[in-house]
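Right, one structure below, let's go through it.
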2 protein chains.
Amino acid sequence: MARPDASGPRARLNRPSVLAAAVALADEVGVEGLSMRRLAQELGVVPMALYKHVRNKDELLDGMVEFLIGEIGDVGETEAAEDWKGRARTRVLAAREVLMRHPWARRLFETRSTKTGAVLDYMNSFAGILLSGGLSAELTHHAMHAIGGRMWGFTQELFEDEPSTPPQGPEAAAMMQEMAQRFPHIAAIASMEHDDSVVGRGCDDQFEFEFALDLILDGIERRHLSGWRSTP
Amino acid sequence: MARPDASGPRARLNRPSVLAAAVALADEVGVEGLSMRRLAQELGVVPMALYKHVRNKDELLDGMVEFLIGEIGDVGETEAAEDWKGRARTRVLAAREVLMRHPWARRLFETRSTKTGAVLDYMNSFAGILLSGGLSAELTHHAMHAIGGRMWGFTQELFEDEPSTPPQGPEAAAMMQEMAQRFPHIAAIASMEHDDSVVGRGCDDQFEFEFALDLILDGIERRHLSGWRSTP
DNA sequence: ACCTGAACACCGTTCAAGT
DNA sequence: ACCTGAACACCGTTCAAGT
């Protein structure tokens, strides 16, 4: 008798292998396509087998976040020469580079609410960069909030980005003109759409990311240098 | 025979009433608790009845976003006296006030990718504020990206906020100490947790929001006043 | 200790039918 | 035009059982 669905490896399961498979599956089908049943099938195993290595789906998702943070690894032991701003900047851009390879990860990070050890480790070392630069605990606290998800390299784009292929054809021009009439200010702005348009949805634009990151880091530096405190 | 589940009104359905009911239901049970079947039950109707007024669940969610934007309404026709920065600021804070009443809305905005007319209207008028302040189209474009979701009053908090009730009891102190040892920089920062702690999850802190918003608006103003352009 | 099988209470959605 | 009923192909998860 043929096993109709066992396409994955037959080896014994364990937590890391389950998480790795989950990440790989999400790379293929996205987070919304990831189900316990589908993952089990991918591993050539019955759905309930997963529950020995992961308490439930929520814990699986938390584990995936942990796994991704592990992929970031210990960047920047060589950053020591830079000042805090430069070190924060390179750290963030390194995280971004990793997480952009898993475009679905942003939504996952946004949804999870628990802070696993790996998450706290990352945040702790990030806070350390700012504190070591002489920023007050209070300013560092606010800075962490202000940077928010950008710490992991994510932007706060809502309504991700335009359709990858702008409408083309006969009535496309008419539609564009109607759009321009109804939303003139957007039309004024939308002129240049980004160079690397081929990169696909989920990957947001590097230039916009760095622009906003520098806006925030510069602002924090300015507050720092002028001895900012909450009750002036 | 009693109708076991018809608790809602018996009136004829239409798109607005369906959307309003969906928003009300989400207020009760959150977005993840909102299902077509549950919504139908709430309306005293069979699930398939909804599909006459909404193409599918995705369109229902888009409709809810539209509904919420409608709640924001036309704020700030009286903002005319302020400069662009003040007008942008009050606009954002007004949107925030509305959307904080629906804490689940942030996740909804984050998830949706289509730009309905209502969304574009809001963005268009926001871009108009910046352009009318004399900002170049290019700077306005980048500013919109940098502000991102904060335009609607959402922060980019990942891993929302700490458990509402910090652990208390016998071994809580020991755990806190262990935490402080493993994550010293976080401990240094975490001293003050926010004043309005009772407000509940989903509502992020007003102070942090305004701090970050001003960081960004100040940065944009600075770029504007110094005649910023992308190729200096 | 690890995996299985059947079952339960859910989903979104299609299709053909009622009024 | 609007609502219904039954059905399909999915979910996550429990519980008792196998090895």
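The chains referred to below are lettered A, B, ... by the order of the sequence lines, with proteins before strands, and numbering in each begins at 1.
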Task: Rounded distance in Å - CE (B:Met36) to C1' (D:dC11) - done: 17 Å
- [ ] Send over the distance from A:Gln41 CD to D:dC11 P, rounded to a whole Å.
- [x] 9 Å
Open item on the list: Without decimals, in angstroms, what is the distance between A:Leu39 CG and C:dC3 P?
Closed with: 13 Å
Open item on the list: Rounded to whole Å, please give me the gap between CZ in B:Arg37 and C1' in D:dA9.
Closed with: 12 Å
Task: Paired stretches of DNA chain D - 3 or more consecutive Watson-Crick or G-U pairs, each distance under 3.5 Å - done: C:4-8 with D:12-16, C:12-16 with D:4-8
Task: Nucleic acid contacts of residues 48-59 of chain B, taken as heavy-atom distances under 4.0 Å to DNA chain D - done: B:Met48, B:Ala49, B:Lys52, B:His53
- [ ] Measure the distance from CZ on B:Arg38 to C1' on C:dA9 and round it to the nearest whole Å.
- [x] 14 Å
Task: A:Gln206 vs A:Leu93 side-chain heavy atoms within contact, under 4.5 Å - done: yes
- [ ] Working to the nearest 0.5 Å, report the span between CG of A:Leu215 and CD1 of B:Ile216.
- [x] 6.5 Å
- [ ] Step through it carefully: locate the ring centre of A:His145, locate the ring centre of B:Phe207, and say whether they are under 6.0 Å apart.
- [x] no
Task: Atom pair distance, as rounded to whole Å: CZ in B:Arg12 and P in C:dT19 - done: 16 Å
- [ ] Specify the separation, in whole Å, of atom CG of A:Leu34 and atom C1' of D:dC11.
- [x] 12 Å
- [ ] Starting at atom CG of A:Leu60, determine the distance to atom P of D:dC11, rounded to an integer number of angstrom.
- [x] 14 Å
